[in-house]
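Shown next, in C-alpha coordinates, is the structure this report addresses.
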Amino acid sequence: MKRFACIVFCLLLFAACGNKSKPFVPNRLLTEQEMIDIMTDVQIIEADLNYQKAQEREHRDSIDARPKDYGKLSRDYYSQLFGHYGITDSIFSQNIRYYTERPALLERIMDSVTQRLTREQTTSSTQ
(Lines give C-alpha, C1' and ligand atoms only; values in the text may rest on other atoms or scores of the structure.)
Protein backbone atom coordinates (compact mmCIF):
# COMPACT_ATOMS: atom_id res chain seq x y z
CA MET A 1 0.00 0.00 0.00
CA LYS A 2 2.84 2.39 0.84
CA ARG A 3 4.59 1.49 -2.40
CA PHE A 4 1.39 2.13 -4.36
CA ALA A 5 0.84 5.47 -2.61
CA CYS A 6 4.43 6.43 -3.42
CA ILE A 7 3.95 5.47 -7.08
CA VAL A 8 0.75 7.51 -7.32
CA PHE A 9 2.41 10.46 -5.57
CA CYS A 10 5.39 10.36 -7.94
CA LEU A 11 3.08 10.16 -10.93
CA LEU A 12 1.07 13.11 -9.60
CA LEU A 13 4.27 15.07 -9.18
CA PHE A 14 5.41 14.08 -12.66
CA ALA A 15 2.05 15.06 -14.14
CA ALA A 16 2.05 18.39 -12.34
CA CYS A 17 5.41 19.26 -13.88
CA GLY A 18 4.46 18.08 -17.35
CA ASN A 19 3.57 20.09 -20.41
CA LYS A 20 -0.07 21.12 -20.10
CA SER A 21 -0.49 22.17 -23.74
CA LYS A 22 -1.10 18.63 -25.02
CA PRO A 23 -2.83 16.16 -22.66
CA PHE A 24 -1.21 12.75 -22.37
CA VAL A 25 -3.18 9.78 -23.72
CA PRO A 26 -1.80 6.26 -23.33
CA ASN A 27 -1.27 3.95 -26.30
CA ARG A 28 -4.03 1.74 -24.86
CA LEU A 29 -6.49 3.61 -22.68
CA LEU A 30 -8.09 1.36 -20.09
CA THR A 31 -11.69 2.09 -19.21
CA GLU A 32 -12.64 3.25 -15.75
CA GLN A 33 -14.11 -0.21 -15.05
CA GLU A 34 -10.88 -1.90 -16.13
CA MET A 35 -8.91 0.44 -13.87
CA ILE A 36 -11.26 -0.32 -10.97
CA ASP A 37 -10.73 -4.05 -11.50
CA ILE A 38 -6.96 -3.70 -11.81
CA MET A 39 -6.58 -1.27 -8.91
CA THR A 40 -8.69 -3.53 -6.69
CA ASP A 41 -6.26 -6.35 -7.42
CA VAL A 42 -3.29 -4.02 -6.86
CA GLN A 43 -4.63 -3.19 -3.41
CA ILE A 44 -5.05 -6.89 -2.63
CA ILE A 45 -1.50 -7.64 -3.82
CA GLU A 46 -0.03 -4.83 -1.73
CA ALA A 47 -2.04 -5.91 1.33
CA ASP A 48 -0.84 -9.49 0.90
CA LEU A 49 2.80 -8.44 0.55
CA ASN A 50 2.54 -6.23 3.64
CA TYR A 51 0.87 -9.04 5.60
CA GLN A 52 3.57 -11.51 4.63
CA LYS A 53 6.30 -9.06 5.64
CA ALA A 54 4.62 -8.42 8.98
CA GLN A 55 4.23 -12.15 9.62
CA GLU A 56 7.88 -12.72 8.82
CA ARG A 57 8.98 -9.92 11.17
CA GLU A 58 6.69 -11.19 13.92
CA HIS A 59 7.89 -14.78 13.65
CA ARG A 60 11.49 -14.12 12.66
CA ASP A 61 12.89 -16.07 15.63
CA SER A 62 10.68 -19.12 15.10
CA ILE A 63 11.21 -19.42 11.34
CA ASP A 64 14.26 -21.36 10.24
CA ALA A 65 13.89 -20.52 6.54
CA ARG A 66 15.66 -17.71 4.73
CA PRO A 67 13.70 -14.47 4.42
CA LYS A 68 11.55 -14.16 1.32
CA ASP A 69 12.68 -12.07 -1.62
CA TYR A 70 9.79 -9.63 -1.61
CA GLY A 71 11.08 -7.81 -4.70
CA LYS A 72 10.85 -11.02 -6.70
CA LEU A 73 7.52 -11.95 -5.12
CA SER A 74 6.13 -8.51 -6.00
CA ARG A 75 7.36 -8.80 -9.60
CA ASP A 76 5.77 -12.26 -9.85
CA TYR A 77 2.44 -11.02 -8.49
CA TYR A 78 2.37 -8.04 -10.86
CA SER A 79 3.43 -10.18 -13.80
CA GLN A 80 0.46 -12.47 -13.11
CA LEU A 81 -1.84 -9.47 -12.69
CA PHE A 82 -0.77 -7.89 -15.96
CA GLY A 83 -1.03 -11.22 -17.75
CA HIS A 84 -4.54 -11.74 -16.37
CA TYR A 85 -5.67 -8.39 -17.76
CA GLY A 86 -3.67 -8.68 -20.98
CA ILE A 87 -1.60 -5.57 -20.34
CA THR A 88 2.04 -4.72 -19.74
CA ASP A 89 3.61 -2.74 -16.94
CA SER A 90 4.10 0.07 -19.47
CA ILE A 91 0.38 0.15 -20.32
CA PHE A 92 -0.43 0.18 -16.61
CA SER A 93 2.02 3.02 -15.92
CA GLN A 94 0.70 5.05 -18.85
CA ASN A 95 -2.86 4.65 -17.58
CA ILE A 96 -1.86 5.60 -14.04
CA ARG A 97 -0.34 8.74 -15.52
CA TYR A 98 -3.46 9.42 -17.63
CA TYR A 99 -5.84 9.08 -14.69
CA THR A 100 -3.51 10.95 -12.35
CA GLU A 101 -3.73 13.92 -14.68
CA ARG A 102 -7.51 13.72 -14.26
CA PRO A 103 -7.96 13.80 -10.47
CA ALA A 104 -11.77 13.65 -10.53
CA LEU A 105 -11.68 10.41 -12.56
CA LEU A 106 -8.94 8.93 -10.38
CA GLU A 107 -10.88 9.79 -7.23
CA ARG A 108 -14.00 8.14 -8.65
CA ILE A 109 -11.96 5.03 -9.52
CA MET A 110 -10.33 4.85 -6.09
CA ASP A 111 -13.69 5.39 -4.34
CA SER A 112 -15.08 2.46 -6.32
CA VAL A 113 -12.05 0.35 -5.38
CA THR A 114 -12.54 1.17 -1.71
CA GLN A 115 -16.26 0.35 -1.90
CA ARG A 116 -15.56 -2.97 -3.64
CA LEU A 117 -12.90 -3.99 -1.12
CA THR A 118 -15.18 -3.05 1.77
CA ARG A 119 -18.01 -5.08 0.22
CA GLU A 120 -15.72 -8.09 -0.34
CA GLN A 121 -14.35 -7.87 3.20
CA THR A 122 -17.88 -7.70 4.63
CA THR A 123 -19.00 -10.64 2.50
CA SER A 124 -16.01 -12.81 3.45
CA SER A 125 -16.34 -12.03 7.17
CA THR A 126 -20.00 -13.10 7.24
CA GLN A 127 -19.30 -16.47 5.62
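Aromatic ring centres of F82 and F92: separated by under 6.0 Å.
Of the possible polar contacts, none joining the D48 side chain to the I44 backbone as a donor-acceptor pair under 3.5 Å is found. Looking only at distances, a side-chain donor or acceptor of Y70 sits under 3.5 Å from a matching main-chain atom of Q52. Distance alone, capped at 3.5 Å, places no donor-acceptor pair between the S79 side chain and the R75 backbone. No donor-acceptor pair closer than 3.5 Å links the side chain of N27 to the backbone N or O of I91. Checking side-chain atoms of Q43 against main-chain N and O of T40 turns up no donor-acceptor pair under 3.5 Å. In terms of modelled atom types and a separation under 3.5 Å, the side chain of N95 and the main chain of L29 share no donor-acceptor contact. At distances below 3.5 Å, at least one donor-acceptor pair connects side-chain atoms of E56 with backbone N or O atoms of K68. One N or O on the side chain of S124 and one on the backbone of Q121 form a donor-acceptor pair closer than 3.5 Å.
Not a single salt bridge (charged side-chain N to carboxylate O under 4.0 Å, His left out) links E120 to another residue, sequence neighbours left out. Residues forming a side-chain contact (heavy atoms from CB on, under 4.5 Å) with E32 (at least two apart in sequence, or on another chain): Y99, L105, R108, I109.
Between R119 and T114 there is no side-chain heavy-atom pair separated by less than 4.5 Å. With a 4.5 Å cut-off on side-chain heavy atoms, L106 and E101 do not count as touching. At a threshold of 4.5 Å between non-hydrogen side-chain atoms, the residues D89 and Y78 do not count as touching.
Taking CD1 of I45 as the reference point, atom CG of L81 lies at 4.5 Å (rounded to 0.5 Å). To the nearest 0.5 Å, the span separating OG on S74 from NZ on K72 amounts to 11.0 Å. Between atom CD of residue Q80 and atom CG of residue D41 there is a gap of 11.0 Å, rounded to the nearest 0.5 Å.
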Margin query: Assess the residue pair I96 and M39 against the criterion (side-chain contact (heavy atoms from CB on, under 4.5 Å)); give the C-alpha distance rounded to whole Å, side-chain angles, the decisive distance to 0.1 Å, and a yes or no.
Written below: CA-CA 10 Å; I96 289 291; M39 295 306 294; 3.9 Å; yes

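With respect to the salt-bridge test (charged N to carboxylate O, under 4.0 angstrom), the residues K53 and E58 do not qualify.
Between R28 and G86, the shortest heavy-atom distance links the atoms NH1-O, 2.9 Å. Minimum heavy-atom separation, R102 to F24: NH2-O, 3.4 Å.
Side-chain contact, D37 with Q33: a donor N or O sits under 3.5 Å from an acceptor N or O.
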